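First up is the structure itself, then whatever we jot down about it.
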Amino acid sequence: MNPEFRHEQQRADLVMGVIAKEIARLKAETARRKDEVVNIRRHFWDEVKVNTDTFDDYLETIIGLRQEAQALSVSEGSHRHASRRLSTLQRMKESPYFGRIDFAEDDESIPEPFYIGISSLTDADGEEFLVYDWRAPVSSVYYDCQPGPAEYGTPGGTVRGTLEGKWQYLIRNGILESMFDTSLTIGDEVLQEVLGKRTDKQMHNIVATIQQDQNRIIRHDRGRLLIVHGAAGSGKTSAALQRIAYLLYKYREHMNADQIILFSPNTMFSSYVSNVLPELGEENMQQVTFQEYLEHRLGHEFQVETSYGQLETVLSDADTASKRSRVESIRFKSSVQFIEAIKSYSRSLASSGMRFRELTFRGRPIVTAEQMAEQFYGQDPELRLHSRLEKLKDWLLGEFKILQKDEWKKQWVQDEIEILSEDAYLKAHRYLAGKRGFTREAVADYEMEPQALAKLVVHMKLKPLRKLVRTYQFVDFGALYGQLFDDPSKIGQWTQGEMPGEWGDICRMTAAMLEDARLSHEDATPFLFLKELIMGFQSNNTIRHVVIDEAQDYTPFQFEFLKHLFPVAKMTVLGDFNQAIYAHADGRTDFSMLAGLYGPDQTELVNLTRSYRSTRPIIEFTRKLIPQGETIIPFDRDGERPSLEQVSDFKELHSRIGRRVHDLQRQGHQSIAVICQSAEEALYAYGSLSAIDGLKLIKNGTGEYEQGVVVIPSYLSKGIEFDAVIIYNASREVYGGESVRRLFYTACTRAMHALHLYSVGEPSPFLEDAVRGGTLQV
């Protein structure tokens, strides 16, 4: 062992000793804090004297409750903080740091070593940093700079100096296995080792292998919108998650994880990435899918089609007039033109067109839709729509009070009183006694008046109507949205652009679905947007940052909606238009549609062209599948060329796939995906391959990504990677049309180490270039 290596091992031993002592201390502290929390909870009410006899007694009770609650909150916070720190240190025990820079400031002649790891660590006195957090300002030099003049920004200004050297370490369980000086951002040795590993059921942090272009994303802090357009496997999602960790570190005094929200493509993906932030000692941000949000807002009124349901319809249907109309409907209702049409239509409602639902009581109308419209349009025309609706709501509640005065004397009320159960009668008695000021002890002294009981009965019968009015259910939003499609010629009032040739069919199709209380996926966001324009947006001002993954699958309409929903948030958008699989993105190659979202001064675009996920032979093959694929740069990791086998029928297909899976398992591959085009094909493949031991079917709604052998539709595999991928049927029949080229590319790019394609009959035409170019074994 050379002296330098021995010195570095001694230093690693020193750091491991500090970590061990800190872990022991924190274990004791977390146990003590846990006991403290349990004790406060157990004896919470013993410490508070509840007395409400006088105002002073009541005030003393409130103060006591607040003090106990505050003590509990402090103890819970301390326990949570200590637990998180303990978890981070236990991970550092495996590898305390992964890098070092030797940096000399301009006024210093001797360089100072800075060791970099997943979190900061000081000596026992807290005076000297043994390890710097990868997010600390000085750590940016490690990721961004070559030896020579270097600088980094701090809250106090820019620090300039010279980077004398940069080192990388491979440490396992405290043992230094290798160290090397490098002038690259991250040496290929470390990256090769990480990328060469088998997959796990969850994504992990990449702080030891962050590349310079990824670091630019992570530390970006200008403007409102950061767009990351990157090739499959370029590390977009990983960089975005490290970015969240960086923001939580940099703004830890002003931002917490609850103020960041990640829009994931599906719930399985949410599970897949859920481990990254906890690995770095941070709490997970909120995660949601856009579909979940739509269901939350609209699910009680309509059956809302999912994005995958929409895609399945487009994939499964034959090329018919009805399918062509559906595709045009998706494209138009996702467009900026339709956004402007909805805005124009909502403005026109200020003068006419509002639709209301008649309110009935005991089977008879009490306020008609016409009366509501008359009341609505009789108000000051300068008032906004939601202000007028507020006034209409108050008027309706006033009408109920008038109705109540008339109803209590009627015979039906007496009939209701006579059939009241004893329990209902006693509840009414207690309620009215309380209204009259009787204490609990004196309730028995209250003599209930028949008139008071009759009025209470009417009041309770009107309760559902009052709730309906307070939640604005008297507005017929379905009819309001439907007016856009009542007459195909009417759309000209709200938009001057050219309409799809199938507009008449689109109108009839939309009207039929609304009549059936159903919303197609392309209608859900416009419907909700119109509702918000009328009611006033239910904006969320607490969210400070929004991250959108697989953003190429979002429509301009959805981006516009999210901008209004989170008006104070910054946004990080990640996507790859080579993986844009939905009909609305047909023909798009970039995020130019977002140029006007916040304006050019507030928008920055980062392109990631290097792909790290797959071996070089796999990337050289997959980039042949798409136009301009040559711009994708493979990371130099060797492996076998992808293969294509043509079979005559499905019986032979299933036999060969079964043998291939066995071979892949023998080679040590832990996650193997049989990727099918659609859910229908996946279900058939799953049934036909049931002889494969432990085979799992992944479908929409699957909550957690599992390892092993899975059958999965192509669109659900997005964002996930597998050791080996088998394309179930890469035939012309399945992947023959241009509309599925990107879907095919997406499926093939899921493979890390091995990719095998099968074709029942003639292969897809997308494979011709790969076969000619020799990047595909046939």
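Values below: every heavy atom of this structure, side chains too, minus hydrogens, waters and symmetry copies. Here the structure is a predicted model, which is why all the values come from computation and not from measurement.
Looking at S334 and T555, their side chains never bring a donor and an acceptor atom within 3.5 Å of each other. Side-chain atoms of E680 and S678 include no donor-acceptor pair closer than 3.5 Å. Using modelled atom types and a 3.5 Å distance limit, the side chains of D423 and S421 yield no donor-acceptor pair. In summary, the side chains of Y249 and E282 do not present any donor paired with an acceptor at a separation below 3.5 Å, with no hydrogens or angles considered. No hydrogens or angles considered: a donor-acceptor pair under 3.5 Å links the side chains of N266 and Y308. No hydrogens or angles considered: a donor-acceptor pair under 3.5 Å links the side chains of Q552 and E550. Side-chain contact of T306 with Q291: a donor-acceptor pair under 3.5 Å is absent, judged by distance alone. N541 and S539 share no side-chain donor-acceptor pair at under 3.5 Å.
Looking only at distances, no side-chain donor or acceptor of W408 sits under 3.5 Å from a matching main-chain atom of V458. When atom types are taken as modelled, the side chain of S344 and the backbone of A341 share no donor-acceptor pair closer than 3.5 angstrom. Side-chain atoms of R544 come within 3.5 Å of backbone N or O of H254 as a donor-acceptor pair. At distances below 3.5 Å, at least one donor-acceptor pair connects side-chain atoms of E532 with backbone N or O atoms of Q538. Formation of a donor-acceptor pair under 3.5 Å by the R224 side chain with backbone atoms of A569 is found in this model. Under the 3.5 Å distance criterion, the side-chain polar atoms of S271 are left unmatched by any main-chain donor or acceptor of T267. When atom types are taken as modelled, the side chain of E312 and the backbone of A679 share a donor-acceptor pair closer than 3.5 angstrom. A donor-acceptor pair under 3.5 Å is absent between the side-chain atoms of T603 and the main chain of P600, judged by distance alone. Judged purely by atom type and a 3.5 angstrom limit, T471 uses its side chain to pair as donor or acceptor with the backbone of L468. The backbone N or O of A512 lies less than 3.5 Å from no partner atom in the side chain of R518, so there is not a single donor-acceptor pair.
At a threshold of 4.0 Å, the pair K461-E416 counts as salt-bridged, since one of the basic side-chain nitrogens sits closer than that to a carboxylate oxygen. Using a cutoff of 4.0 Å between basic side-chain nitrogens and carboxylate oxygens, E328 and R331 are scored as salt-bridged. A salt bridge is absent between D394 and K391: the closest approach of a Lys/Arg side-chain nitrogen to an acidic carboxylate oxygen does not fall below 4.0 angstrom.
The ring of F529 has its center closer than 6.0 angstrom to the ring center of F537. Side-chain rings of Y293 and F263 stay apart, their centers remaining 6.0 Å or farther from each other. Between W494 and F338, the ring centre distance reaches or exceeds 6.0 Å.
Looking at heavy atoms from C-beta onward, I227 lies out of side-chain contact with D590 at the 4.5 angstrom threshold. The closest side-chain heavy-atom distance from R243 to L247 is below 4.5 Å. By the 4.5 Å heavy-atom criterion applied to side chains, N256 and E283 are not counted as neighbours. Two residues are said to be in side-chain contact when any heavy atoms from C-beta on lie closer than 4.5 Å; K236 and I217 fail this criterion. Here the side chains of L277 and M285 are in contact, with some heavy-atom distance below 4.5 Å. M499 has its side chain within reach of I491: a pair of non-hydrogen atoms, C-beta onward, lies under 4.5 Å apart. For the pair D576/H229, a side-chain contact is recorded, criterion being any heavy-atom separation below 4.5 Å from C-beta on. You'll find the side chain of M571 stays beyond 4.5 Å of the side chain of Q602, heavy atoms only.
Heavy-atom contacts from other residues, nucleotides or ligands closer than 6.0 Å to NZ of K393 number more than 12. Enclosure of atom CD in Q303 is not indicated, since only 12 or fewer non-hydrogen atoms of other residues, nucleotides or ligands lie within 6.0 angstrom. The 12-atom threshold is exceeded at NZ of K490, counting heavy atoms of other residues, nucleotides or ligands nearer than 6.0 Å.
Both the sub-6.0 Å distance and the 45° axial angle are satisfied by K563 relative to the ring of Y598. K333 forms a cation-pi arrangement with F485, by the criterion of a distance under 6.0 Å to the ring centre and an angle within 45° of the ring axis.
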Does the pair R364 and E407 meet the rule for a salt bridge (Lys or Arg N to Asp or Glu O under 4.0 Å), with working shown? CA-CA 13 Å; R364 62 185 174 86; E407 289 290 314; 2.4 Å; yes
Can you check side-chain contact (heavy atoms from CB on, under 4.5 Å) on L359 and F474, steps first, answer last? CA-CA 7 Å; L359 300 177; F474 58 88; 4.2 Å; yes
I would like to know whether H584 and E522 meet side chain to side chain donor-acceptor pair (under 3.5 Å); could you show each step before the answer? CA-CA 9 Å; H584 67 80; E522 64 268 23; over 6 Å; no
Checking I543 against Q286 for the side-chain contact (heavy atoms from CB on, under 4.5 Å) test, could you report, in this order, the C-alpha distance in whole Å, the side-chain angles of both residues, the deciding distance, and whether it holds? CA-CA 10 Å; I543 296 296; Q286 299 182 62; 3.5 Å; yes
Start with the C-alpha gap between L462 and Q404, add the side-chain angles, then the distance that decides, and say whether side-chain contact (heavy atoms from CB on, under 4.5 Å) holds. CA-CA 8 Å; L462 282 168; Q404 185 171 332; 4.1 Å; yes
Trace of the side-chain contact (heavy atoms from CB on, under 4.5 Å) decision for V314 with K323: CA-CA 7 Å; V314 173; K323 176 177 175 178; 4.2 Å; yes
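The shortest non-hydrogen separation linking D523 to Y481 is OD1-OH, 2.5 Å. Residue K531 comes nearest to E301 through the heavy atom pair NZ-OE2, 2.9 Å, listed as atom of the first residue, atom of the second, then distance. Contact record, V475 with R357: O-NH1, 3.2 Å, taken as the closest heavy-atom pair. Shown here for A240 and L574, the closest heavy-atom pair between the two residues is CB-CD1, 3.3 Å. Counting all heavy atoms, side chain and backbone alike, I260 lies closest to M255 at CD1-SD, 3.7 Å. When all heavy atoms of L514 and G482 are compared, the closest pair comes out as CD1-CA, 3.6 Å.
Applying the ring-ring contact (aromatic ring centres under 6.0 Å, His included) test to residues at least two apart or on different chains, the pairs with a partner in residues 366-402 are F356-F376.
Remark: S717 OG to Q579 CD distance equals 8.5 Å, nearest 0.5 Å. Separation of atoms NZ (K718) and CD1 (I712) is listed at 12.5 Å; rounding is to 0.5 Å. One finds the CG atom of L480 at 4.5 Å from the CD1 atom of I534 (value rounded to the nearest 0.5 Å). Between the CZ atom in R384 and the CG atom in L389 there is a gap of 13.5 Å [rounded to 0.5 Å]. In this structure, K410 NZ and D415 CG are separated by 13.0 Å, a value rounded to the nearest 0.5 Å. Of the inter-residue distances, the one linking L594 atom CG with L225 atom CG reads 6.0 Å to the nearest 0.5 angstrom.
The aromatic rings of Y554 and F559 sit tilted, their planes meeting at an angle between 30° and 60°.
For the side chain to side chain contact (heavy atoms under 4.5 Å, CB included) criterion with V273, the lone passing option out of I720, D549, T237 is T237.
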